[in-house]
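See below for the structure under consideration.
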Amino acid sequence: MPTVENFEKDAFVNLSIDGLSVTVPKGATILEAAKATGVIIPTLCDYSGLKPRAVCRLCVVEVDGGGRLKAACATEATQGAQVVTNNRELMSIRRNVIELLLADHPKDCLLCTRNLDCELQTWAFRLGVRSLPFGEGEASLKSQLEDTNLSQNMSKCIKCGRCVAACQDVQETMALCAANRSIHYEISSPYGKTIAEGPCVFCGECLTACPVSALEEKDGALSLMPSLDKEDIKTAAIFSPQVIVGLEDALDYGAGGISSGKMVSALKNLGFDRVYPRDFFRSMAALLEAKELCENLSKEKKVACVSTCSPYVRAYAAKYYPEAIPFFSSSPNPMELFSMNGRKKGGIFFEEAETVSFMPCLAQGAEREEAVGIGSQHSYHLTVRDLVKLFKQKNFNIGSFGYSPFDCPRIFSKNGSMVKEEAMVSEEQLELARAICELKKVGESGRGYSRSVPGNGLLEVNLELSSGKSVSFHLVFGMGQAKTSLEEIVKGNLKADYLLIMACPQGCLEGGGQALKTIHNPHLTREVPNISNMITKSKLPLEKEVLGAYGEVYGQVMSLK
Amino acid sequence: MAKTLKLVSLGAGEIDPISVSEYRGIGGYRALEKAFSMRPKEIIGEVLEAKLLGRGGAAYPAGKKWAQLYDIHETPKYIVCNADEGEPGTFKDRLIMEKLPLRLIEGMTIAGLVFGSEHGYIYVRGEYRKIQKVLLRAIEAAKKENLLGKGIMGSSFSFDIEIVSGAGAYVCGENSALLNSTEGRVGRPRIKPPHLAEVGLFLMPTLVNNVESLASIPSIVVMGGKEYLSLGHPDSGGTKLVCLSGRVTSPGVYEVPLGKVSLRDLIFDEEFGGGIQGEGEFKFVHLGGQSGAIASKALLDTVYSYSDLRKVGLTVGSGALVVMDSGVSILEYLKKVSEFFVHESCGKCVPCRQGNRVLLKFLARLSRGSLASEGELLNLKRLISAMSRASFCGLGQTSATALKSAWKAFPAELERPAAFDKLQVGAFPLP
């Protein structure tokens with residue numbers, strides 16, 4: 001937005017929307033101008049961060065009297081324009097559009113997972129659609145997307161194309177496309193191949209863009225319930241901090257309404273026997289990765305280490321940039337470290353049978369279905385949406401819960417002491433581990449990244465080790481930038497020692513498994529870290545405990561992989 | 001006195017289509033020679049004065065289009081010929097490309113000269129496979145004679161033409177979808193603005209003109225805009241190729257001066273359609289293609305010109321005249337039209353994708369006589385209006401035009417179809 005300082009006369013246009021005068025920056029659309037005046041124009045295919053596509057036709061408005069109607073989302077606001085958003089004809093057309101969509105949309109709203117949270121339902125209600133003049137049939141679309149963790153019910157699809165735009169324009173993954181024409185027009189994977197055969201990384205951008213319940217992960221909450229209720233199955237959970245942000249939003253607690261302590265209580269109330277601090281596993285994973293990085297740095301590899309939040313990014317690289325694979329880290333990520341610790345896997349840090357990690361992530365959950373990487377039938381990765389469902393079903397008022405402390409991971413010890421003081425970690429390794437941990441924290445919490453600005457997904461930072469050695473880190477957001485960086489690796493000109501790829505363009509905070517409301521929350525302020533100060537000497541979370549445990553079980557942890 | 005006036009189709013069938021010398025024999029390449037002695041602005045001035053309206057169907061003034069592109073200074077500019085002649089009942093571009101490909105090439109070369117463009121594309125309908133070969137041979141022939149390629153006619157001007165083909169989607173006849181398809185993208189229309197003159201093929205300034213429009217350019221350059229205008233109607237100069245099909249005695253392509261003949265002349269005059277075949281009587285004529293309106297007997301005396309037709313709610317469109325006789329049920333005809341649009345909608349916008357499907361359902365129920373209540377007819381009218389007002393592109397906006405006009409012309413048959421049960425249905429061939 002232009003400010004008083006950079007005010008230029010030509011930078012603004014003045015127009016009238018339903019009689020209200022409004023001044024907006026030049027280049028703004030009529031839809032944006034309407035938003036600025038508080039006039040709400042219904043939309044379905046418009047979605048924040050996506051280029052306008054003007055295909056739902058719900059936002060048509062009249063500009064300067066009669067003539068052709070214009071799609072507000074794709075029409076630039078011009079000086080002196082007289083826009084009418086709301087006359088009789090426009091109301092009739094909008095109702096018609098909804099009625100046409102409902103003509104072959106299932107009518108089982110009551111049983112739908114998006115009931116009360118569906119954009120089609122909302123507009124049908126608000127526009128006063130009370131009958132179905134165009135038939136009450138039901139599409140019986142079956143799509144190849146349904147065989148994956150991406151879709152449950154393509155017959156719910158209204159073909160707005162938001163998922164395709166998110167996949168193609170935001171992520172540049174090209175796993176989804178709009179295929180065929182007319183009544184056969186559908187959202188599909190290219191060339192009719194299955195999703196698994198294609199480039200999908202299960203980032204979930206498509207899914208969070210869906211205005212209805214066409215794209216939706218499998219209900220993880222349902223599969224988990226039996227284990228939670230059984231006395232003889234011991235269950236352990238971890239959760240990432242972005243989960244709390246999602247819950248606060250989705251359950252209307254407001255920022256700061258749920259603390260970690262209350263979360264632990266709530267999870268215990270759900271039936272979990274233990275709730276461990278995720279920081280423990282993250283710090284441990286960082287240490288393992290730092291050891292690898294350290295070794296590779298000393299070998300003077302061109303790229304010492306590539307790390308990623310999701311096993312699917314690695315699979316993607318294996319498919320399209322196989323030359324980059326040797327540079328990928330072989331250390332387990334925190335979730336893997338946690339889930340591989342279930343008792344049936346010979347757990348080191350605890351002995352519960354089933355492990356559940358809650359994250360705003362779709363890929364980890366998809367892994368459960370597809371068993372790419374380490375998948376285990378006794379470990380679950382659930383999304384924030386799953387957790388919201390669980391809490392809603394239980395009718396919890398988390399606000400009224402007391403604070404419970406995290407459980408402490410049990411550490412195997414020969415001599416009985418919990419923490420062995422002397423760690424088998426060099427100063428350099430520790431410095432690198434701290435840096436990696438901080439970098440991942442930034443990756444998770446997102447930053448002031450804007451979807452609509454391409455090439456905005458790269459953070460670069462250098463670290464001076466106390467030994468005098470300099471290490472450069474690249475943090476990549478989104479698959480578009482990831483592709484660029486992977487290409488650079490293949491060509492041998494990536495200018496980084498350590499590359500961290502976050503699959504989601506806005507980090508875990510708006511990840512593919514986040515509560516939908518959080519992703520749509522315009523007031524959500526993302527932390528924009530001062531990167532140069534980031535990798536300082538801040539300690540690892542639970543550093544003392546982790547170092548102790550690392551010293552005790554180092555050999556065993558590594559042998560797990 | 002003969003009513004036919006041949007400009008675009010002059011020499012069709014009389015000369016070897018790929019012989020440059022025979023084409024020169026009927027006045028070919030005189031326009032290009034003249035164009036070299038003119039300034040680009042002068043040529044645009046002639047096209048403006050000629051009031052050449054786009055012959056593809058949209059009737060956008062070609063001169064205006066040229067002037068707009070001329071004022072844009074980015075380069076390279078592309079010349080694209082829309083030869084995706086997919087409109088049912090339309091087969092006039094085919095005549096030009098088959099019999100007089102060099103006239104089209106000459107027209108495109110003049111356009112190339114005007115805009116300093118070096119690349120032209122002819123996007124030929126996928127089904128016109130044989131014609132593509134004719135075009136390729138004509139391009140080769142022109143190149144041999146130094147009328148295409150590097151340093152045309154010894155000048156410093158170079159221009160080359162490439163043939164591109166789609167896979168046979170009607171919507172690719174829409175200019176922006178055509179460009180998408182040419183680029184190798186999915187052939188679905190683009191959001192406009194930006195207009196194609198600004199952001200066209202490969203995102204560069206582009207001229208997209210229909211075959212007949214481009215083939216009219218040589219005549220305009222040779223005779224001058226003023227004379228070209230005087231041959232036609234004061235609002236729209238020159239001649240138009242008309243495609244007569246359906247129940248007329250002599251179907252075919254005819255070239256007529258705009259504003260000088262009536263619909264009745266075109267259908268009944270011995271020089272043109274020669275009246276209705278067999279025993280039947282004239283019932284209606286569908287003008288301009290599937291997206292055009294339907295005229296009953298009452299409108300037969302309308303003069304065939306852009307403005308006269310517009311006054312009574314009809315369009316020249318592509319130049320198609322599909323004539324139907326009294327044996328044809330209007331509802332069954334409309335169902336065929338509707339089926340066509342259900343097949344050809346690109347599917348991306350709701351009013352067109354869903355609307356056409358619902359429309360066809362309505363028509364099916366109407367023809368079964370099971371759509372009785374006034375409420376339902378009102379819903380249908382509301383749908384027609386939403387489709388034509390809110391669809392993304394011209395395809396959806398016009399797909400209910402035939403129904404709308406037929407409703408006006410044959411209200412009884414549409415609203416009380418049961419009374420017409422005895423009509424012979426479905427027994428007419430659709431072109």
Side-chain angles (χ1 to χ4, degrees), chain A residues 29 44-45 51-62 66-71 73-76 78 88-105 120 131-135 137 139 158-161 164 168 177-187 190, chain B residues 167-172 177 185-194 338-362 364-365 371 373 375-397 399:
Chain A
T29 64
L44 275 174
C45 69
K51 280 182 266 173
R53 281 157 298 111
V55 296
C56 74
R57 312 309 289 174
L58 209 52
C59 73
V60 284
V61 293
E62 205 179 274
R68 270 194 193 164
L69 300 178
K70 302 273 169 68
C73 69
T75 306
E76 196 179 316
T78 48
R88 218 184 119 132
E89 185 198 13
L90 294 171
M91 294 300 290
S92 165
I93 285 174
R94 289 192 188 125
R95 211 171 290 139
N96 234 298
V97 167
I98 298 288
E99 286 163 352
L100 283 170
L101 284 170
L102 290 175
D104 62 1
H105 188 85
L120 179 65
S131 62
L132 299 165
F134 303 137
I158 58 168
K159 302 167 185 180
C160 66
V164 178
Q168 295 192 352
C177 67
N180 305 327
R181 66 189 197 209
S182 191
I183 49 176
H184 305 295
Y185 182 79
E186 62 168 358
I187 308 307
Chain B
Y170 175 74
V171 75
C172 287
R185 296 170 190 277
V186 182
R188 296 198 184 101
R190 298 179 185 172
I191 293 179
K192 283 174 278 182
S338 187
E339 276 165 15
F340 174 79
F341 283 112
V342 169
H343 186 248
E344 294 294 352
S345 164
C346 92
K348 80 173 187 174
C349 83
V350 180
C352 182
R353 177 185 71 235
Q354 296 285 81
N356 276 306
R357 194 181 68 110
V358 171
L359 203 66
L360 180 59
K361 273 190 180 173
F362 262 112
R365 290 178 60 203
L371 190 72
S373 85
E376 280 189 288
L377 288 174
L378 195 69
N379 282 337
L380 178 53
K381 280 186 177 165
R382 228 158 46 87
L383 172 67
I384 293 171
S385 133
M387 283 171 69
S388 45
R389 291 285 278 153
S391 288
F392 187 98
C393 81
L395 195 156
Q397 286 159 12
S399 51

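Protein chains get the first letters and strands the later ones, always in sequence-line order, with residue 1 at the start of each.
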Out of curiosity, B:R353 CZ to A:H184 NE2, how far, rounded to the nearest 0.5 Å?
12.5 Å

Working to the nearest 0.5 angstrom, can you tell me the gap between B:C349 SG and A:Y185 OH?
9.5 Å

Does [X] reach the main-chain N or O of [Y] with its side chain, forming a donor-acceptor pair under 3.5 Å?
X      : Y      : answer
A:R57  : B:A390 : yes
A:R181 : B:E344 : no
A:S182 : B:V342 : yes

Side chains of B:R357 and A:L100: does their closest heavy-atom pair fall under 4.5 Å?
no

Provide the full list of side chain to side chain donor-acceptor pair (under 3.5 Å) pairs with a residue in residues 381-390 of chain B, sequence neighbours left out, each pair given once.
A:E89-B:R389, A:E99-B:R382

Contact part of [X] toward chain B, heavy-atom cut-off under 4.5 Å: side chain, backbone, both or neither?
X     : result
A:A71 : neither
A:R68 : both
A:L44 : neither

Non-hydrogen atoms of chain A under 4.5 Å away: do they reach the side chain of B:Q397, the backbone, both or neither?
side chain

Enumerate by number any residue of residues 186-194 of chain B whose heavy atoms lie under 4.5 Å from heavy atoms of chain A; in the absence of such residues, state 'none'.
B:R188, B:I191

Name the one of A:N96, A:V55, A:I98, A:L101 that satisfies side chain to side chain contact (heavy atoms under 4.5 Å, CB included) with B:V350?
A:L101

Taking all atoms of both residues into account, what is the closest heavy-atom pair of [X] and [Y], and its distance?
X      : Y      : result
B:P351 : A:V97  : CG-CG2, 4.4 Å
A:F134 : B:L383 : CZ-CB, 3.9 Å
B:F392 : A:R53  : CE1-O, 3.4 Å

Quick check for you: among A:V60, A:L69, A:I93, which has the greatest number of heavy-atom pairs under 4.5 Å with chain B?
A:L69

